[in-house]
Amino acid sequence: MIFLDAAATTPVRREVLEAMWPYLSGEFGNPSSHHSLGEAAATALAGARSAVAKVFNCRAGEVTFTSGGTEADNLAVKGIALARQAADPSLNRVVISAVEHPAVEESARYLERIHGFAVDVLPVDAHGLVSVEGLRSLLTAETALVSIMYANNEIGTVQPVAALAAVAREQGVPFHTDAVQAAGWLPVDVKALGVDALSISGHKLGAPKGSGVLFTKGRLRVEPLVHGGGQERGKRSGTENVAGAVALSTALTLSHAEQAVLSARVSELRETFIGSVLSEVPGAILTGDRSQRLPSVASFCFPGTSGESVLLELERLGVVCSSGSACAAGSDAPSPVLLALGIAPETAQTAVRFSFASTVTDAELEQAAAAVKTAVGRVRNLASPQPN
Ligand code: PLP
């Protein structure tokens, strides 16, 4: 099987399993316990926090461990907006882009539904890019927060986060970015990006599902969503997932060390793959920006097919990929991300996303490109049977 669905999830790396194993077995303590087992767990958690902070170029106290990317996004969007509104009730608007992951979009809609916020949606161009000037024109004296993703999970488009964050900063508005897809492929130095909050998820990086991190800058107030014993400096109560934190910090450290070389190598393979598909598959349309895109994502529409049928054919041919994001898979509705790009619903339904793991090879992608040609051809033949 050729696995081209790494944006959905990745297997746990051996080094990560080995690093977390002690905290699932002999060193199983609760970090809040005042005995040696507890202290060992607390030390491991502190080590994991420092390791994440090193990659983010921030202080350890600015790192909050969560149950994943979704929770980190929820905590950022709801937690920051609600804390700001509590301090100043006139702050009742949030800005998000038109292509956010549901973890951000639905958090903003919750603020709208339950807390009376207005949600200002920053449109994207045909390639999925927002405009910096567009953001400037949406900011008002009532804007509590801006949340714009670093890289899109369906089309791989990478936003100009540093420039966007600078505009928000000029207006004194905190800026959050969902870096779940970017981490491991693009730098996540929060100072260089100039962001106030940034979310990542462990399972996209070779750590287990159910581990995530939210960075929040300095004294930026965050209203907790999970109340209890006050762990994670009161931002996220609940006994900490020590093994998960160790796993995530190990995966992040490893991928950070490999990032520059890996991204260059995989970008090159991606370009060859995109070139092959566009030249071999008649009518294939690349979605997302041609150059401002994740090294690991190649996404297309194949008019005259259905994305789900192409997926099934590809799986028969030994290639596993996705018809969009994992969250939207199985749903008949065309992807809101593709609709936001101005793609017609009937074309959006023909979307297929190929996303590469760090281990992807040239030979695999060559085989996959040939399989795409065969699969699309078969689906089109089935859709328009020849008269006999
Ligand atoms: N944000 C983006 C851009 C994602 O792609 C995902 C997962 O696919 C998430 C957030 C949610 O992360 P998690 O699966 O860890 O909850």
Side-chain angles (χ1 to χ4, degrees), residues 3-12 16 52 64-79 96-110 124 128-130 147-159 161 164 176-186 188 193 195 197-215 225-226 236 241 244-245 247-249 251-252 255 287-289 292-299 321-331 335-338 340 351 353-357:
F3 180 73
L4 301 183
D5 199 16
T9 197
T10 59
V12 177
V16 169
V52 172
T64 303
F65 286 109
T66 68
S67 68
T70 298
E71 189 190 334
D73 283 343
N74 272 257
L75 184 55
V77 175
K78 299 176 189 170
I96 61 171
S97 84
V99 292
E100 293 304 313
H101 186 274
V104 165
E105 150 96 28
E106 291 303 319
S107 294
R109 296 296 166 199
Y110 162 84
V124 292
L129 278 169
V130 300
S147 180
I148 298 175
M149 71 199 322
Y150 196 164
N152 185 269
N153 46 302
E154 291 184 42
I155 54 174
T157 297
V158 176
Q159 304 294 351
V161 168
L164 295 164
H176 164 252
T177 193
D178 172 344
V180 167
Q181 293 293 343
W185 298 104
L186 303 172
V188 283
L193 291 170
V195 297
L198 177 143
S199 320
I200 66 165
S201 168
H203 75 104
K204 313 288 184 182
L205 295 168
K209 293 154 192 67
S211 58
V213 160
L214 176 65
F215 153 79
L225 307 181
V226 181
R236 200 272 184 182
N241 176 2
L248 186 150
S249 69
L252 182 67
S255 63
T287 55
D289 197 81
Q292 305 303 311
R293 88 188 279 131
L294 281 175
S296 50
V297 172
S299 51
C321 54
S322 150
S323 64
S325 71
C327 310
S331 126
S335 145
V337 168
L338 298 180
R353 174 190 73 184
F354 303 91
S355 53
F356 314 140

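Order of listing sets the numbers, starting from 1, for every ligand and every atom in it. Every value quoted in this text rests on a predicted model; they were computed, and no experiment measured them.
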Between Lys209 and ligand 1, find which residue part has any heavy-atom pair under 4.0 Å and reply side chain, backbone, both or neither.
-> neither
Quick one: look at Val180 and ligand 1, take heavy-atom pairs under 4.0 Å, and tell me if it's side chain, backbone, both or neither.
-> side chain
Just how far is it from atom OG of Ser322 to atom CZ of Phe354, taken to the nearest 0.5 Å?
-> 9.5 Å
Below 4.0 angstrom from a heavy atom of Gly68, which ligand 1 atoms are there? Numbered from 1 as shown, please.
-> 15 (O)
Check for a donor-acceptor pair, side chain of Arg293 on one end and backbone N or O of Asp289 on the other, with a separation under 3.5 Å.
-> yes
Below 4.0 angstrom from a heavy atom of Asp73, which ligand 1 atoms are there? Numbered from 1 as shown, please.
-> 1 (N), 10 (C)
Using a 4.5 Å cut-off on heavy atoms from C-beta on, say whether the side chain of Lys204 contacts that of Thr9.
-> no
Within the side chain of Thr10, is there an N or O that forms a donor-acceptor pair under 3.5 Å with the backbone of Ala6?
-> no
Check whether any N or O atom of Gly69, backbone or side chain, sits under 3.5 Å from an N or O atom of ligand 1, and answer yes or no.
-> yes
Using distance alone, with no hydrogens and no angle criterion, decide if Asn74 and Ser107 have a side-chain donor and acceptor under 3.5 Å apart.
-> yes
Enumerate the atoms of ligand 1 whose separation from the nearest heavy atom of Ser201 is less than 4.0 angstrom.
-> 13 (P), 15 (O)
Under 4.0 Å from any heavy atom of Thr70, which atoms of ligand 1 are there?
-> 11 (C), 12 (O), 13 (P), 16 (O)
Option set Asp178, Ile200, Val99, criterion heavy-atom distance to atom 1 (N) of ligand 1, minimum = Asp178
Going by heavy atoms in the side chains, are His176 and Leu214 under 4.5 Å from each other?
-> yes
A student checking ligand 1 against His203 at a 4.0 Å heavy-atom cut-off should list atoms 13 (P), 14 (O), 15 (O)
Is ligand 1 under 4.0 Å from a heavy atom in the side chain of Glu71, in the backbone, in both, or in neither?
-> neither
For Val99 and Gly128 the tightest heavy-atom approach is CG2-O, 4.3 Å
Checking Leu129, Leu294, Val297, Val124 against Thr157 for side-chain contact (heavy atoms from CB on, under 4.5 Å), the one that qualifies is Leu129
For ligand 1, which atoms have a heavy atom of Gln181 less than 4.0 angstrom away?
-> 3 (C), 4 (C), 5 (O)
